[in-house]
Protein chains: 2
Amino acid sequence: MKESLSTIAERLGVSVTTVSRVLSGNAGKYRISKATEARIRAEADRCNYAPSLVAQSLRSRQTKTIGLLTPSLANPYFAEMSSFIISEVHRRGFTTIVIDTMENEINFNEGLTKLVARQVDGIIAVPCGQDHTIVEGVNSNFVPVVLVDRYYENFPIPYVTTNNYKGGYDATRLLIDAGHKSIACIQGVRTSAPNNERVRGYRDAIEEAGLKEFEFVAGNEFSIQNGYLETKLLLSRHLKPTAIFALSNNISLGVIKATREAGLRIPEDLSLLSFDNYTYMDYMEPPLTRVGQPVEDMAILATKILFDRIEGIAPGASQLRLSPTIIQGASVSRII
Amino acid sequence: MKESLSTIAERLGVSVTTVSRVLSGNAGKYRISKATEARIRAEADRCNYAPSLVAQSLRSRQTKTIGLLTPSLANPYFAEMSSFIISEVHRRGFTTIVIDTMENEINFNEGLTKLVARQVDGIIAVPCGQDHTIVEGVNSNFVPVVLVDRYYENFPIPYVTTNNYKGGYDATRLLIDAGHKSIACIQGVRTSAPNNERVRGYRDAIEEAGLKEFEFVAGNEFSIQNGYLETKLLLSRHLKPTAIFALSNNISLGVIKATREAGLRIPEDLSLLSFDNYTYMDYMEPPLTRVGQPVEDMAILATKILFDRIEGIAPGASQLRLSPTIIQGASVSRII
DNA sequence: TAATTTTGCACAATCGTTTGAGCGTTTTTT
DNA sequence: AAAAAACGCTCAAACGATTGTGCAAAATTA
């Protein structure tokens with residue numbers, strides 16, 4: 001059923017070598033006669049021959065495959081990012097193995113070793129957890145790794161991320177400029193570098209405005225539930241905030257859910273500023289004002305850096321922070 | 001850097017065969033002494049040996065990989081579906097190569113042949129276009145294929161899809177029962193079987209209710225733009241519909257956009273019923289009433305059928321339609 | 001002690017491709 | 001006509017793992 005060089009060679013009474021040379025376009029280089037070349041090409045076409053990438057990989061020690069470790073395709077932010085990465089990888093004639101780590105450090109590390117065993121030529125990863133020894137081992141001993149979104153500070157693995165500090169700072173400034181004083185921040189995973197940068201931006205903006213007494217950071221997960229529960233708590237406090245800065249798309253959904261249950265309206269009773277951008281946010285009630293990350297640029301750059309490394313080109317600056325963009329919605333009210 | 005059976009064998013002064021037998025757990029079966037076994041295991045641990053899946057694949061003619069052809073990871077419906085499929089595949093110890101076809105028939109066919117060249121053990125695909133000769137060739141000659149969501153009628157490729165007819169019918173009935181008479185339907189790709197089943201359900205419900213004079217189907221793409229443009233046209237007609245049945249999530253977004261631009265409110269001025277379910281729809285203005293497809297069940301079943309075929313177990317019924325569920329939102333008003 | 005069985009491991013082929021080296025035969029050069 | 005060059009192709013090893021067969025040496029039996 002499956003054709004190989006040898007089946008063709010046998011049928012034509014030539015050697016496997018000759019067939020290989022013809023079909024890999026090296027007929028001239030190795031002085032195969034036009035006649036033989038034509039015969040081989042014809043037969044290959046006839047039987048629809050396609051070389052086994054597995055055999056080629058074994059021989060060339062290149063699988064033309066890259067691995068993508070993403071925390072959750074169900075999250076539109078990572079789904080979009082994956083979509084861009086897959087298409088960039090495809091553009092270069094490679095294929096992508098996708099592993100969904102479900103935000104789990106064990107899955108992440110297992111996925112990593114699995115990719116190494118599969119001899120992928122490179123890995124793009126959104127890491128989970130704090131322990132970076134395995135990733136670093138892989139990156140320096142086996143396969144080039146590039147991180148996206150999340151990263152490890154002061155470690156030599158290249159990464160591309162948003163300037164999360166700027167995102168946190170700008171967003172908070174926007175709220176402050178709108179007159180808000182009591183701005184609560186609901187954060188995600190506390191060990192995640194992007195999260196902490198966003199929080200740092202938030203804190204700096206708050207302090208700079210002399211609002212330190214109102215500074216308030218809660219939460220510990222990038223989930224709807226976390227946003228929901230923390231908002232429940234916030235709204236039960238004696239002094240309710242006038243604005244919430246939610247550090248992810250999912251957290252914002254939780255905030256909205258809790259706000260609705262409390263019978264409060266956004267932005268009249270409570271302002272909301274979200275991290276992450278997504279088409280649907282324009283269609284929400286109200287459309288969310290948000291900090292959009294440059295997902296496509298990050299995906300393109302990460303892929304480019306990875307391929308530069310695969311091809312042995314040392315990339316210049318390989319730890320990059322791209323600026324986020326604030327997208328105006330209607331979820332922030334002006335306070336006089 | 002990379003360890004292999006032979007590097008270990010050489011260091012220990014034993015044969016590659018012996019190392020292989022020990023590490024694949026066949027030491028007993030081939031009478032390798034406990035002492036040798038221990039030495040080999042120790043050394044394998046020490047140097048962190050992991051077998052090359054490429055070499056194993058070549059030898060065993062099994063790559064333990066399945067291919068997933070999806071139209072667009074940027075669409076949450078397919079992203080969720082992919083997420084479930086990837087996780088089901090992972091559960092079985094396989095990995096998934098994802099190809100984003102971008103709703104393009106050429107990309108789809110290229111992806112298909114690429115997967116075959118990579119010797120994947122099976123393929124799960126959401127097909128694009130009408131020409132199914134290539135898919136059928138692959139399915140019957142090389143690799144088992146299972147289709148999800150879209151399918152080809154009267155052809156022997158297994159598929160799992162929503163009972164789209166029921167979805168179209170039930171949704172339309174819901175609108176009719178709410179008192180609507182003039183219900184317009186904005187459809188997606190006209191050559192897609194699910195689309196046509198939805199339309200058929202719509203038409204049947206309309207006719208059954210004696211509303212044939214109001215029957216109206218427009219559109220030709222599962223995109224925001226299509227929903228937007230068709231709604232623009234609809235709203236400019238002399239007789240505006242009182243309800244729109246949008247046959248996909250993206251089409252609905254377009255409908256909302258056009259409706260807003262026209263200064264009309266949903267559901268007060270126009271009712272909207274959407275196909276597809278997504279978390280964000282609960283947070284929209286208004287929350288959408290919609291026909292949710294059993295995405296997770298479809299993913300699980302498709303994967304199961306594929307693995308049954310891979311393992312040579314003939315699946316019983318392999319062309320399945322799962323019932324959709326109507327999810328109540330607030331985008332449909334009652335007309336008296 | 002000789003014959004038999006068991007033990008412990010190695011040889012070599014195989015999967016499908018690539019590639020440096022080599023070897024007859026024909027053609028060209030001197 | 002002899003030497004050199006060009007031509008057209010094949011051999012065999014290698015990538016890393018698996019597996020049926022086989023062969024000594026040791027242990028057991030007769």
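Below, chain A is the first sequence line, B the second, and so on; all start at residue 1.
- Between A55(B) and R31(B), the residue whose closest nucleotide on DNA chain C is further toward the 5' end is R31(B).
- The side chain of S52(B) contributes no N or O atom lying less than 4.0 Å from OP1 or OP2 of dG16(D).
- With respect to the salt-bridge test (charged N to carboxylate O, under 4.0 angstrom), the residues R150(B) and E105(B) do not qualify.
- The CG-C1' distance, from L5(B) to dA10(C), rounds to 14 Å in whole Å.
- Checked by distance alone, S24(B) brings no side-chain donor or acceptor within 3.5 Å of a matching partner on the base of dT18(D).
- Between the side chains of E88(B) and T303(B), no donor-acceptor pair is found at a separation under 3.5 Å.
- For dA12(C), the base has a donor-acceptor partner in the side chain of T17(B) [N/O atoms by modelled type, under 3.5 angstrom].
- The phosphate of dC9(C) has OP1 or OP2 within less than 4.0 Å of a side-chain N or O from S33(B).
- The base of dT17(C) has none of its N or O atoms less than 3.5 Å from a complementary donor or acceptor on the side chain of R21(A).
- Taking side-chain N and O atoms only, Y30(B) has a distance below 4.0 Å to OP1 or OP2 of dG20(D).
- Contact between the side-chain N/O atoms of S6(A) and the OP1/OP2 oxygens of dG16(C) is not found at any separation under 4.0 Å.
- At the phosphate of dC9(C), OP1 or OP2 sits under 4.0 Å from a side-chain N or O atom of T36(B).
- Contacts of S4(B) with the nucleic acid, taken as non-hydrogen atoms under 4.0 Å apart, involve only primed sugar atoms and P, OP1 or OP2.
- As judged by a 4.0 angstrom heavy-atom cut-off over every strand, V14(A) is placed among residues touching the sugar-phosphate backbone only.
- The pair D308(A)-K304(A) counts as a salt bridge, with a side-chain nitrogen and a carboxylate oxygen less than 4.0 angstrom apart.
- Within 3.5 Å, no donor on the side chain of R59(A) pairs with an acceptor on the base of dT17(C), nor the reverse.
- Ionic pairing of E110(A) and K114(A) is not present here: no N-O contact between side-chain nitrogen and carboxylate oxygen is shorter than 4.0 angstrom.
- S20(A) has no side-chain polar atom (N or O) that falls below the 4.0 Å cut-off from OP1 or OP2 of dT17(C).
- dA13(C) atom P lies 17 Å from atom CG of L58(B), rounded to whole Å.
- Phosphate proximity of dG16(D) to Q56(B): absent, as no side-chain N or O sits under 4.0 Å from OP1 or OP2.
- When the P atom of dA17(D) is taken as reference, atom CD1 of I40(B) falls 13 Å away, rounded to whole Å.
- One atom, CZ of R39(A), and another, P of dC9(D), lie 8 Å apart when rounded to the nearest Å.
- Here dT18(D) presents its C1' atom at 14 Å from CG of L53(B), a figure rounded to the nearest Å.
- Between the side chains of E3(B) and T7(B), at least one donor N or O lies within less than 3.5 Å of an accepting N or O.
- Residues R309(B) and S318(B) have side chains that never bring a donor and an acceptor to within less than 3.5 angstrom of each other.
- Counting any heavy atom pair closer than 4.0 Å across all strands shown, G13(B) reaches sugar-phosphate atoms only and no base atom.
- Considering only the side chain of T18(B), dA10(C) comes nearest among dA10(C), dT18(C), dA13(C).
- A straight line from CD1 of I8(A) to P of dT10(D) spans 14 Å, rounded to a whole angstrom.
- Look at NZ on K29(B): it is 18 Å from P on dG8(C), rounded to the nearest Å.
- Straight-line distance from the CG atom of N26(A) to the P atom of dC9(D): 15 Å, rounded to whole Å.
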